[in-house]
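Structure, as structure tokens:
The sequence lines fix the lettering, A, B, ..., with proteins before strands; numbering per chain opens at 1.
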Amino acid sequence: MEGNVYIPKPEEQLPSVDLEDSQGLLQWISSVDHKQIGILYLLMAVLYLLVGGLAALLIRTQLIVPENHFLSPQVYNQLFTMHGTTMIFFVLTPATLGFSVYMTPLMIGANEMAFPRLNAFGFWIAFFGGLLLYFSFLAGGAPDTGWFNYAPLNERAYASTPGVDYYCIGLLLGGIGTVGTAINLIVTILKMRMPGMQLRHLPVFVWMVLVTSFLILAAFPTLNAALSMLLLDRLWQAHFFAATAGGSALLWQHLFWAFGHPEVYILVLPAFGILSEVFQVYSRKPIFGYTFVVASGVAIALLAFGVWVHHMFATGQTNTFNAFFAASSMLIGIPTGVKVFNWLATLYGGSIRFTTSMLFALAFLVEFTIGGLSGVSFAVVPIDWQLTDTYYVVAHLHYVFVGGTLFGLLAGLFYWFPKLSGRMISERLGRWFFWLFTIGFNLTFFVQHFLGVIGLPRRVYTYPNLPYYGSLNLISTVGGFLMGAAVLFLLYILYQSIKRGEKAPDDPWDAYTLEWLTTSPPQLQNFGTVPPVRSFQPLRDLKQDLNKTKTA
Amino acid sequence: MLYSLAPPSIFDPASREADRLYALDVYFIVASLAVLLLVIGLLIYIVLKFRAQPGDEEPRQIGGNRKLEILMIGGPTVLVAIFFYLTVTTMRAVHPPAGNRSPDVVINGRQFWWEASYPGTAVTTANEIHLPVGRTLLLQLRAADVIHDWWVPTLGQKMDAIPGQSNHLWVTIKKPGIYDGVCSEFCGAQHAWMRIRVVAQPEAEYRRWLQERGQSARTPAGGTALTGAHIFKNATCGNCHRVRGTDASGNAGPDLTHFASRKTMLAGMLPNTKENVRKWLQNPQAVKPGALMPQFKYPKDSLNALVDYLVSLQ
């Protein structure tokens with residue numbers, strides 16, 4: 001077509017890169033192609049999801065009845081620590097990065113990432129970081145101090161197995177890889193966009209990837225510093241966090257949450273991006289208030305660095321200090337709320353197709369609103385004083401990470417699966433999976449709000465036989481096993497679709513963005529030429545132009 | 001009875017401070033349910049009304065609406081402003097600074113039990129903490145090892161006990177009763193069994209309790225309990241435990257001066273019975289794995305004598 005833009009070929013081609021040969025293991029290991037690395041990230045997320053999920057089911061089994069003796073407290077504490085650490089750092093992070101590195105070049109009309117080798121490095125070092133964390137089981141015991149690993153419990157005097165050392169090293173490696181990938185994504189988005197694509201033409205997903213990458217760049221160094229300090233404490237008797245030797249236990253909390261709260265947004269903003277694409281395509285409407293949606297993402301990112309003390313309201317700070325962080329934590333609820341209403345307005349007046357992807361996106365709106373509202377309750381300091389560190393928090397954080405991030409990722413998986421695999425995914429089985437998973441999820445976590453309200457703290461390996469404690473925990477465990485079954489069913493659906501699914505056309509959903517312009521799956525070279533871009537829905541523009549030419 | 005009939009709920013406030021928090025809870029629940037129902041209601045309406053029909057035209061492409069956007073930002077902003085005001089006023093009401101006032105009770109969190117001492121008296125006890133009703137008390141919170149967290153849901157806010165600093169908490173209990181709580185900051189292997197029991201008593205009864213518990217332990221008149229007292233001394237129990245009125249003056253484990261007057265043992269894990277004390281002394285790690293109590297090997301007679309001594313410490 002006239003005026004098409006030529007996209008330079010990928011430069012970094014390894015000699016063996018040949019699509020005929022793309023099933024070879026060596027080829028996957030040595031690949032610097034962003035699509036293969038994206039898939040590797042997703043496979044890593046699935047692998048660790050199974051391991052972290054197994055830990056979750058063991059936890060739920062232990063809690064099925066009061067005063068259970070299924071697991072010893074020492075084993076239970078390792079399991080809940082590994083469950084949290086795995087899910088945050090080795091499931092949700094690689095899953096969001098997987099979609100980010102796979103889709104970003106495609107959506108901006110590029111043929112590769114800015115630094116293909118850094119991309120491979122980022123993945124592999126994070127992958128081995130995860131293996132090292134798990135090696136701790138063989139090396140004398142996994143970390144057993146919780147995923148946020150508070151001082152001074154994390155010091156040698158109280159955590160004497162090498163578990164916490166492996167936690168530090170594993171997360172440091174994961175953190176280095178994540179920072180590398182973030183730099184790569186930033187440079188790719190800023191420098192590799194196809195000629196003529198302005199920032200205001202970026203799909204919302206790519207905007208969220210950009211914002212997230214800056215968040216990673218600013219937040220992870222704080223974590224890496226804290227982990228290094230802790231290693232110094234543990235291995236060479238430094239005293240950063242040991243109060244008895246003039247250190248400060250609270251310093252760890254400040255450093256950890258100055259990373260940890262931005263981390264929540266690092267995991268949820270890419271999901272916001274995915275949902276923004278999914279809502280548009282399946283309601284046949286452009287995102288309502290593109291500028292507001294993008295700007296609220298930026299606002300969330302900026303505010304994210306000023307809210308961390310809401311994890312520490314019960315540590316005995318002054319009222320004035322707490323009031324500042326209460327205000328900032330409430331403020332961050334505004335741009336988040338704006339997004340929910342923007343999505344509703346996008347749907348309003350649309351022509352809605354209830355694909356599996358869309359079902360997850362619609363359910364997200366409810367689940368994430370629940371998680372968001374319970375989140376605001378922690379900004380209300382006196383409510384936080386009651387409910388922090390209880391099962392109410394466990395419910396809240398799962399509504400954010402599962403109901404928010406994971407529902408978004410699943411919407412993305414069903415949306416992009418034809419592009420990733422070249423096969424259509426079974427919508428019929430997908431719907432079964434959706435209902436099984438959503439019902440299981442709500443059974444597991446909704447009742448935990450009540451458990452917190454009636455006095456059950458989090459991270460207890462067992463609990464006394466008080467009224468309702470047993471029955472609510474039983475419901476939660478049943479829900480947990482439903483979720484487990486749903487995940488196995490999902491793997492079956494994926495396997496089945498790859499083996500026997502219909503061949504996917506290039507653009508099965510009649511979508512709006514450039515990844516659907518190329519073949520399914522894309523070749524090593526994503527694009528030869530790309531039509532000029534004039535909006536954030538370039539593919540829709542192209543199709544309309546073609547229609548006009550036809551009718552004319 | 002080890003446990004009360006109702007679980008300790010924040011919706012069952014028993015102190016004036018908890019009343020304030022409860023009021024805020026109610027406002028918050030009303031507001032957030034309103035928002036949630038608005039979202040769910042809109043979603044249901046949209047899903048029912050705008051389902052794709054075969055042969056649908058492409059819907060009207062609306063890129064945004066400035067007025068609606070401002071409303072979307074304005075609505076939540078008003079709500080946030082209201083709750084910020086309520087947050088600050090409630091915080092100031094229930095948690096003013098301690099100033100120079102000396103605490104009524106000093107609570108020290110330890111792996112995995114609570115030590116309470118009453119300044120101005122000789123009383124130090126563990127896990128079952130007696131407090132008077134009707135006046136505003138200042139509790140001071142400290143930690144001896146790692147971070148713990150004091151939380152009795154019916155009495156109001158929780159507060160961390162942090163090594164190297166002291167925190168405070170105000171509480172005005174409305175009526176006598178037993179109020180249960182639990183450590184709410186993960187503190188190691190036995191975090192689950194670091195429960196708290198507040199025994200709230202009328203002022204006079206409380207004074208009597210303080211006076212009684214201020215007395216030293218009585219040496220057993222004779223019999224196996226007296227033998228047990230000697231074993232207690234020879235087995236070096238006193239290196240970790242204190243029994244006022246004897247040489248035993250350790251402070252790593254709970255003060256046992258009036259051990260037998262407590263209804264529960266091991267921080268609310270078991271009823272304080274002779275049988276449970278025996279089981280515990282026989283093999284602490286089997287009863288409460290991860291607890292810091294070392295295991296001693298006693299001949300059967302010595303064990304029985306030791307148990308007799310401990311249950312005599314009324």
Quick one: are [X] and [Y] in side-chain contact, heavy atoms under 4.5 Å?
{"X": "A:Y348", "Y": "B:I62", "value": "no"}
{"X": "A:R540", "Y": "B:E58", "value": "yes"}
{"X": "A:E67", "Y": "B:W193", "value": "yes"}
{"X": "B:P153", "Y": "A:Q386", "value": "no"}
{"X": "A:Y463", "Y": "B:V182", "value": "no"}
{"X": "A:V380", "Y": "B:L86", "value": "no"}
{"X": "B:P163", "Y": "A:P152", "value": "yes"}
{"X": "B:F50", "Y": "A:L347", "value": "no"}

Can a side-chain donor-acceptor contact be found between B:Q111 and A:Y158 if the only test is distance below 3.5 angstrom? no

Open item on the list: Distance alone, cut at 3.5 Å: any donor-acceptor contact between the side chains of B:D56 and A:S351?
Closed with: yes

Does any heavy atom of chain A fall under 4.5 Å from the side chain of [X], the backbone, both, or neither of them?
{"X": "B:D160", "answer": "both"}
{"X": "B:L68", "answer": "side chain"}
{"X": "B:V88", "answer": "side chain"}
{"X": "B:I162", "answer": "side chain"}
{"X": "B:E17", "answer": "neither"}
{"X": "B:R51", "answer": "both"}
{"X": "B:V47", "answer": "both"}

For [X], which atoms come within 4.5 Å of any heavy atom of chain B: side chain, backbone, both, or neither?
{"X": "A:S283", "result": "backbone"}
{"X": "A:Q253", "result": "side chain"}
{"X": "A:A345", "result": "side chain"}
{"X": "A:F354", "result": "side chain"}
{"X": "A:A151", "result": "backbone"}
{"X": "A:Y461", "result": "both"}
{"X": "A:Q280", "result": "neither"}

Kindly give the heavy-atom pair with the smallest separation between [X] and [Y], and that separation in Å.
{"X": "B:E69", "Y": "A:G289", "value": "OE2-CA, 3.2 Å"}
{"X": "B:S32", "Y": "A:L373", "value": "O-CD1, 3.3 Å"}
{"X": "B:N65", "Y": "A:F288", "value": "N-CZ, 3.5 Å"}
{"X": "B:P8", "Y": "A:Y469", "value": "CD-OH, 3.8 Å"}
{"X": "A:A326", "Y": "B:F84", "value": "CB-CE1, 4.4 Å"}
{"X": "A:Q74", "Y": "B:A189", "value": "NE2-CB, 4.4 Å"}

Picking from [options], which has the most non-hydrogen pairs under 4.5 angstrom with chain A?
{"options": "B:E57, B:M91, B:Q53", "answer": "B:M91"}
{"options": "B:G290, B:C187, B:G164, B:G156", "answer": "B:C187"}
{"options": "B:A18, B:A52, B:S9, B:G75", "answer": "B:A52"}
{"options": "B:P289, B:S166, B:C183", "answer": "B:P289"}
{"options": "B:I73, B:V152, B:D12", "answer": "B:I73"}
{"options": "B:I40, B:L141, B:T77", "answer": "B:T77"}

Open item on the list: Between B:F83 and A:V376, is the side-chain contact (heavy atoms from CB on, under 4.5 Å) condition met? List the steps.
Closed with: CA-CA 10 Å; B:F83 276 94; A:V376 177; over 6 Å; no

Any donor and acceptor pair, going by atom type alone, linking the side chain of [X] with main-chain N or O of [Y] inside 3.5 Å?
{"X": "B:K158", "Y": "A:T388", "result": "yes"}
{"X": "B:D25", "Y": "A:I383", "result": "no"}
{"X": "A:N319", "Y": "B:P96", "result": "no"}

Considering only heavy atoms and a distance below 4.5 Å, find which of [options] pairs most often with chain B.
{"options": "A:N154, A:T346, A:L387, A:N322", "value": "A:L387"}
{"options": "A:A314, A:G455, A:G333, A:P73", "value": "A:A314"}
{"options": "A:P335, A:A159, A:A327, A:A379", "value": "A:A327"}
{"options": "A:L362, A:N342, A:V338, A:I287", "value": "A:N342"}
{"options": "A:V460, A:I352, A:V366", "value": "A:I352"}
{"options": "A:N77, A:V381, A:T315", "value": "A:T315"}

Quick one: do B:L38 and A:F341 satisfy side-chain contact (heavy atoms from CB on, under 4.5 Å)? Show the steps, please.
CA-CA 10 Å; B:L38 176 68; A:F341 286 108; 3.8 Å; yes

- Check step by step if side-chain contact (heavy atoms from CB on, under 4.5 Å) holds for B:M72 and A:V340. CA-CA 10 Å; B:M72 283 179 194; A:V340 170; over 6 Å; no

Q.
Tell me whether the rings of B:F186 and A:F80 are parallel (<30°), tilted (30 to 60°) or perpendicular (>60°).
A. perpendicular

As an exercise, state the distance from [atom1] of [X] to [atom2] of [Y], rounded to the nearest 0.5 Å.
{"X": "A:S535", "Y": "B:Q61", "atom1": "OG", "atom2": "CD", "value": "10.0 Å"}
{"X": "B:T154", "Y": "A:I454", "atom1": "OG1", "atom2": "CD1", "value": "13.0 Å"}
{"X": "A:W385", "Y": "B:I10", "atom1": "CH2", "atom2": "CD1", "value": "14.0 Å"}
{"X": "A:L153", "Y": "B:D145", "atom1": "CG", "atom2": "CG", "value": "9.0 Å"}
{"X": "A:M330", "Y": "B:T87", "atom1": "CE", "atom2": "OG1", "value": "3.5 Å"}
{"X": "A:R459", "Y": "B:H191", "atom1": "CZ", "atom2": "NE2", "value": "8.0 Å"}

Q) Does a salt bridge link A:R458 with B:E185, judged by any charged N lying under 4.0 Å from a carboxylate O? A) no

Exercise. State whether the number of non-hydrogen atoms from other residues, nucleotides or ligands found under 6.0 Å of B:R66 atom CZ is greater than 12.
Key: no

